[in-house]
Amino acid sequence: MFWKKKKAATSQEEKEKKTSVPHEAVTLEAFKKITAKMDDAEIVQRQTNSGIPFSLVYIQTLIDHERFNESIVNPIIHSTNKQFVQCIATCKVIKVSSMEEAKNHLLIGCVLVQDVEKNEWWAIKLENPLSRAIENSETETIVYGPKDSFTERVEHNLYMIRRRLPLTELKTEKFQVGSLTKTQVQLLYIEGIANPDIVDIARKNISEVNFDLILESSNLSAFMDDHTNSLFPQSLQTDRPDSCAYSLGLGKLVILLGNTPFALIAPITFFHLFQSPEDYVHRWVIASFLRTLRYLSFLIAILLIPLYVALATHHYQMIPLQILYVMMESRSKLPFTPFWEALIMMVIIEIIKEASLRMPTKTSQTIGIIGGIVIGQAAVEAGFASKVLIVLVGISAIASFLVPNYLVTKATTVIQFLFLILSSFIGILGIALGLILLLAHLNGLSSLKQPFFAPVAPLHWKDWNDLFVRIPLPWIKQRPQYLQPLQKWRVKRRRGSNEQ
C-alpha cells in the first residue's frame with residue numbers, strides 16, 4: 001500500500017515536471033524582441049571606469065529621470081568594485097532570475113541592470129512619483145473634520161491610513177488583478193479585531209478574480225459582490241481615509257486599488273449606505289436628526305410620485321376634498337393619464353440630471369436653470385404636466401440627493417420607476433407589494449457572506465445604538481455584532497481589558 005502511494009506520488013511529480021514550462025533565460029536579445037516598436041523603451045550598454053561592462057534596460061515614461069542618473073548611472077560608472085550593483089545603496093535591489101519576472105519589474109517602473117561578465121540581472125525600483133496633490137473629497141464633502149482624500153497612488157493612500165492607525169496589527173496583503181492591467185490591490189485589516197473567516201472570504205474573492213481589465217474599484221467590486229444582479233452595492237466606495245480608518249477599527253476590511261482614488265469597505269449593511277462621516281462630527285441629537293431625514297428622503301424619493309399616481313388613478317376618494325379640487329383643476333386640460341404624465345416628467349428629470357453631470361461645470365448650471373424653470377414652466381403652460389406633479393417631481397428629485405451614497409441615488413431612480421408601474425396597475429396595493437418585495441430582496445442580500453440587512457434581520461438590538469439614531473459616542477462601547485469581531489469591546493474594561 002505504501003509502495004503504491006509512493007509510486008503514485010513519484011508519477012505525479014514526473015507529470016508535473018513534464019507539464020511545467022521552463023523559465024526563459026534573461027538575455028538582451030529577449031529584451032530587444034520584447035521592446036520592439038516601443039519607442040519609450042531604452043537598452044543601453046556601457047562600461048564602468050574600471051572597464052566592467054554593464055547593460056541597462058528601462059522604460060523612459062515609467063521611471064524617475066532625476067534619480068536615474070544620481071542613484072544608478074553615476075554610482076555604477078564610478079564604481080571600482082567588481083560587485084558594482086552593491087554600490088547602489090540608495091535603492092532597493094532585487095535579483096532577477098527569469099524573463100517573466102524581468103518583464104513584471106520593467107513594467108512597474110524598475111531599471112534592469114546586467115552584470116555582463118557574470119551574466120546576472122538586477123531590478124532597481126525607480127518608479128516615477130508623478131501624482132496629483134492631496135485634495136478635498138468631492139464625493140463626501142463635510143464642513144468639519146479632515147479634508148484630505150485619497151489619490152491614485154496606493155502607497156499614498158496606505159500612508160494616510162497608517163498615519164491614523166499607527167498599529168503593527170494593521171496588516172496589508174498584496175494582490176495583482178487583471179491580466180492586462182496588472183492592477184495592484186492591497187487588502188487591509190486589523191489582526192485581532194477583524195474576523196479571520198471574513199478575511200479569508202475577501203482573500204479568496206480577490207484571488208479568484210479572472211478578468212483582463214480591472215481599472216478601478218467598481219470593476220473589482222463587481223467580482224466580489226455576492227449578488228451581482230442587485231441594484232444595491234454590497235461594498236462601500238469611499239475616497240476618505242478617515243472613513244477607512246474608522247471602518248477598520250470596527251472590524252471591517254478595506255481594499256485599496258492602484259490608479260483609483262476610491263477604496264472599498266466591506267462587509268457593509270444597507271444602513272451603512274445612509275451614514276455620513278459628518279454623523280460623528282455633529283452633536284448626537286443633530287446627527288440622529290440628519291440620519292433620520294436621510295431615511296425619510298429615501299422613502300420620499302421612491303414613493304412620492306407612485307403614491308400620487310395611485311391616488312389620482314385608483315383611490316381619489318381618499319384625497320381630501322380641497323386638495324382634490326386643486327388636482328382636478330390642475331389636470332382638467334391634460335391629455336395624459338396620471339401614469340403617462342408622471343412617466344414623461346420622470347424621464348425628463350433623469351435626462352436633465354445626466355446632462356448636468358456629463359457637461360462642464362458652467363454649462364451644467366445653465367442646463368439646471370433651463371430644465372428647472374424653462375421646461376417645467378413650459379410643460380405646465382403647454383398642458384403636458386400639472387402644477388401639482390411638477391412640485392412633487394421637484395421634491396422627489398431633491399430628496400434623492402440626500403442619500404450620501406451616489407450608487408444608491410442611482411438605484412433609487414430605478415426603484416421609483418418600478419413602484420410607478422406597480423401603482424399604476426393596482427394602486428396602493430401595488431406600492432405595498434413593492435415594499436414587501438424590496439424588504440425581501442434586502443433581507444436576502446449579503447456582503448462578504450455577512451447579512452446585508454443586519455442588525456434588523458438578523459436582529460442585533462445592541463447595534464441599534466448607531467442605526468437610525470446615533471447615541472452619544474462614549475455610550476457606543478461595543479463593535480457591531482454582525483461583524484463577529486474578535487474583540488467585542490471598544491473600551492478597556494476594569495476587570496481585564498478587551499474581554500470577549
Side-chain angles (χ1 to χ4, degrees), residues 108 137 139-140 148-165 167 169-179 181-191 193-228 230 232-269 272-273 275 277 405-408 445-450 452 480 482-485:
I108 61 171
S137 171
T139 55
E140 296 175 89
D148 55 342
S149 65
F150 287 144
T151 67
E152 282 75 12
R153 290 182 67 87
V154 174
E155 294 81 6
H156 292 182
N157 300 342
L158 186 57
Y159 164 74
M160 284 188 271
I161 294 176
R162 281 208 180 275
R163 197 173 57 179
R164 287 172 168 83
L165 294 171
L167 300 168
E169 290 81 7
L170 177 58
K171 303 300 179 186
T172 59
E173 295 183 17
K174 282 186 181 178
F175 299 87
Q176 193 180 70
V177 294
S179 57
T181 54
K182 300 188 186 305
T183 308
Q184 185 184 354
V185 176
Q186 294 256 10
L187 173 65
L188 277 66
Y189 59 92
I190 296 182
E191 192 176 52
I193 295 179
N195 191 302
D197 294 336
I198 300 176
V199 177
D200 285 341
I201 293 168
R203 193 182 290 132
K204 182 171 175 287
N205 286 355
I206 298 173
S207 303
E208 289 180 350
V209 172
N210 182 14
F211 204 63
D212 56 349
L213 297 171
I214 302 293
L215 294 170
E216 47 95 27
S217 52
S218 295
N219 300 154
L220 182 63
S221 174
F223 288 92
M224 294 188 63
D225 285 349
D226 295 342
H227 309 271
T228 52
S230 175
F232 295 95
Q234 289 131 55
S235 55
L236 185 69
Q237 290 190 49
T238 179
D239 62 350
R240 296 190 62 87
D242 56 331
S243 293
C244 290
Y246 186 78
S247 299
L248 285 167
L250 293 179
K252 296 178 184 176
L253 316 182
V254 169
I255 300 168
L256 300 176
L257 274 84
N259 305 318
T260 175
F262 290 96
L264 294 174
I265 297 175
I268 60 165
T269 67
H272 199 149
L273 301 171
Q275 296 176 6
N405 192 288
Y406 178 72
L407 298 179
V408 178
L445 295 179
S446 60
S447 171
L448 290 182
K449 310 298 181 191
Q450 308 308 307
F452 189 69
Y482 77 92
L483 290 172
Q484 304 171 38

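Just so it is clear, the values below take in all heavy atoms, side chains as well, and ignore hydrogens, waters and symmetry mates.
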Gap separating the CG atom of Leu165 from the CG atom of Leu167, nearest 0.5 angstrom: 5.5 Å

Between Asp225 and Thr228, what is the shortest heavy-atom contact and its length? O-CG2, 4.2 Å

On a heavy-atom basis, which atom in Pro233 and which in Ile268 lie closest, and how many Å separate them? O-CD1, 3.8 Å

Could you check whether any side-chain heavy atom of Gln186 comes within less than 4.5 Å of a side-chain heavy atom of Lys174, counting everything from C-beta outward? yes

As an exercise, state the distance from CG of Leu264 to CG of Leu187, rounded to the nearest 0.5 Å. 10.5 Å

Tyr189 and side chain to side chain donor-acceptor pair (under 3.5 Å): which single residue from Lys171, Glu173, Glu169, Lys252 fits? Glu173

Spatial distance of atom CG (Asn210) from atom CZ (Phe223) [nearest 0.5 Å]: 8.0 Å

Atom of Leu158, atom of Leu188 and distance for their closest heavy-atom approach: CD1-CD2, 3.6 Å

Where the side chain of Asp226 meets the backbone of Leu448, is there a donor-acceptor pair that is under 3.5 Å apart? yes

Can you check whether Asn219 reaches Leu213 side chain to side chain, under 4.5 Å on heavy atoms? no

Taking Arg203's backbone N and O only, do any of them form a donor-acceptor pair with Ser207's side chain (distance below 3.5 Å, no angle check)? yes

Heavy-atom distance under 4.5 Å between the side chains of Arg162 and Thr172, does that happen here? yes

Looking at Lys449, I'd like to know if its NZ atom is crowded, meaning that more than 12 non-hydrogen atoms belonging to other residues, nucleotides or ligands lie closer than 6.0 Å. no

How many angstroms lie between CD in Gln176 and CD1 in Ile108, if you round to the nearest 0.5 Å? 8.0 Å

Walk me through whether Leu170 and Ile161 qualify under side chain to side chain contact (heavy atoms under 4.5 Å, CB included). CA-CA 10 Å; Leu170 177 58; Ile161 294 176; 4.2 Å; yes

Tyr246 vs Ile265 side-chain heavy atoms within contact, under 4.5 Å: no

Does the side chain of Thr183 come within less than 4.5 Å of Leu215's, by heavy atoms? no

Met160 and Ser149: which non-hydrogen atoms are nearest, and at how many Å? CE-O, 3.5 Å

Polar side-chain atom of His156 near backbone of Phe150 as donor-acceptor pair, under 3.5 Å: no

Any donor-acceptor pair under 3.5 Å from Ser447 side chain to Gln234 backbone: yes

